[in-house]
Amino acid sequence: MKPLTLTQESIHTGSLVLVNREFGWKDASRSLLMPVCDDTPEILLDRTAATLLSRLMAEIDGWRYIVPVSGWRSQDEQQQIWDDSMKENGEEFTRKFVAFPGHSEHQTGLAIDLGLRQEHVDFICPEFPDTGICQTFREKAAKYGFILRYPAGKESVTGIGHEPWHFRYVGAPHAEIMVSHGLCLEEYINFIKQFSFHHKPYRITEGSRTTFVSYIRAESGETSLELPDSLPYTVSGNNSDGFIFTEWRRQDAYQRQLRMA
């Protein structure tokens, strides 16, 4: 067994951090960022998110028809967007489509706004229809770890109007779980809490591999775990009260563990 220690600060890092009106962006460190494509070097994403987006676009030849509109934003940039929209569009529109500075997913480096390639692309509400290449992207997104962050019908949960152009990287297998259960990120954070790390994790078996997803409530100070040696895993804070732990095991090894339990 090997020890794993998670600090209180770790709650605010990872691909599953929930950033919305209630939970602000608290990670003081700057993510490892990279351009999403060669044509727009100024538009940046978290390195892992950008890599997976690139693979998705390569599969569908997406950059020929789709343009990146907005990726990572600094606090100052988000403040400027908020102020400009309040002046140009008014408070009702701004609160519906622009996150308050310090509470924007774009500040995490994990969110990307995309638009259909055309002569004029609106920065706040780019066109991204439910047809053609845009719908193909939408249908493939979860396979690469992306979700439509603000779907129709979830406005009362997310606090943001339906944004068909705004995608968020949450990673695998979380994106596909969310899609299969019809959950937005707020709902998923609560859903996974019923699957405790110490008791009964959420389980997905595909072929010879089993994936386990579970919730770990943060302890005051540090949270300590004991993990099997050489276990592939990821840990993400949820930005509120704990961690989401994901591990992968070969099915035969998992069955041996059950027999020994």
Side-chain angles (χ1 to χ4, degrees), residues 1-18 27 31-32 46-56 58-59 108-110 139-147 167-219 221-261:
M1 303 291 285
K2 60 182 178 182
L4 174 65
T5 301
L6 302 169
T7 66
Q8 279 289 321
E9 291 75 18
S10 300
I11 293 173
H12 309 300
T13 63
S15 62
L16 287 164
V17 289
L18 175 63
D27 184 9
S31 300
L32 293 174
D46 168 88
R47 184 176 298 275
T48 299
T51 299
L52 271 296
L53 178 64
S54 178
R55 292 176 185 173
L56 169 51
E59 179 181 340
T108 70
L110 297 167
E139 292 169 355
K140 299 274 188 181
K143 173 184 172 184
Y144 291 87
F146 287 87
I147 58 167
F167 295 87
R168 161 67 188 269
Y169 179 76
V170 295
H174 311 287
E176 291 179 308
I177 297 173
M178 288 185 219
V179 170
S180 67
H181 288 281
L183 302 174
C184 64
L185 184 55
E186 284 82 359
E187 293 169 324
Y188 183 66
I189 294 298
N190 287 324
F191 168 78
I192 214 66
K193 287 183 179 180
Q194 66 186 295
F195 301 99
S196 169
F197 176 80
H198 299 290
H199 299 289
K200 188 178 181 180
Y202 185 94
R203 188 175 74 188
I204 307 168
T205 298
E206 295 179 338
S208 63
R209 189 174 76 166
T210 300
T211 304
F212 299 86
V213 182
S214 56
Y215 167 73
I216 304 166
R217 184 171 183 82
E219 303 290 342
E222 295 182 339
T223 303
S224 298
L225 307 173
E226 290 289 331
L227 304 178
D229 294 330
S230 303
L231 176 71
Y233 70 89
T234 62
V235 182
S236 174
N238 62 12
N239 204 36
S240 59
D241 59 9
F243 308 93
I244 296 174
F245 185 84
T246 309
E247 58 180 301
W248 292 267
R249 304 184 194 176
R250 287 182 55 84
Q251 182 66 8
D252 52 357
Y254 175 63
Q255 293 298 331
R256 285 197 301 272
Q257 184 186 40
L258 290 179
R259 290 195 294 268
M260 294 172 63

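When reading the values below, keep in mind they use all heavy atoms of this one structure, side chains included, and skip hydrogens, waters and symmetry mates.
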Report, one line per pair, each donor and acceptor closer than 3.5 Å where one atom sits in a side chain of residues 140-147; sequence neighbours left out.
residue, atom, partner, partner atom, Å
Lys140, NZ, Glu59, OE2, 2.8
Lys143, NZ, Glu59, OE1, 3.3
Tyr144, OH, Glu59, OE1, 2.3

Can you find a pair of side-chain heavy atoms, one from Pro173 and one from Val213, that are under 4.5 Å apart?
yes
Could I get the full list of ring-ring contact (aromatic ring centres under 6.0 Å, His included) partners for Phe245, not counting sequence neighbours?
Phe197, Tyr233
Residues that Tyr188 engages under ring-ring contact (aromatic ring centres under 6.0 Å, His included), provided they are two or more places apart
His174
Going by the rule side chain to side chain donor-acceptor pair (under 3.5 Å), which residues pair with [X] if we only count those two or more places apart in sequence or in a different chain?
X: Ser10; value: Thr7
X: Glu247; value: Arg249
X: Thr211; value: Trp248

With sequence neighbours left out, what residues match [X] under side-chain contact (heavy atoms from CB on, under 4.5 Å)?
X: Glu226; answer: Met1, Pro3
X: Gln8; answer: Ile11, Ala218
X: Ser224; answer: Thr5
X: Ser180; answer: none

Among pairs that include at least one residue of residues 233-243, which meet salt bridge (charged side-chain N to carboxylate O under 4.0 Å, His left out), considering only residues two or more places apart or in two chains?
Lys193-Asp241, Arg217-Asp241
Mind jotting down which residue pairs meet the salt bridge (charged side-chain N to carboxylate O under 4.0 Å, His left out) criterion with at least one end in residues 231-240? Sequence neighbours excluded, please.
none
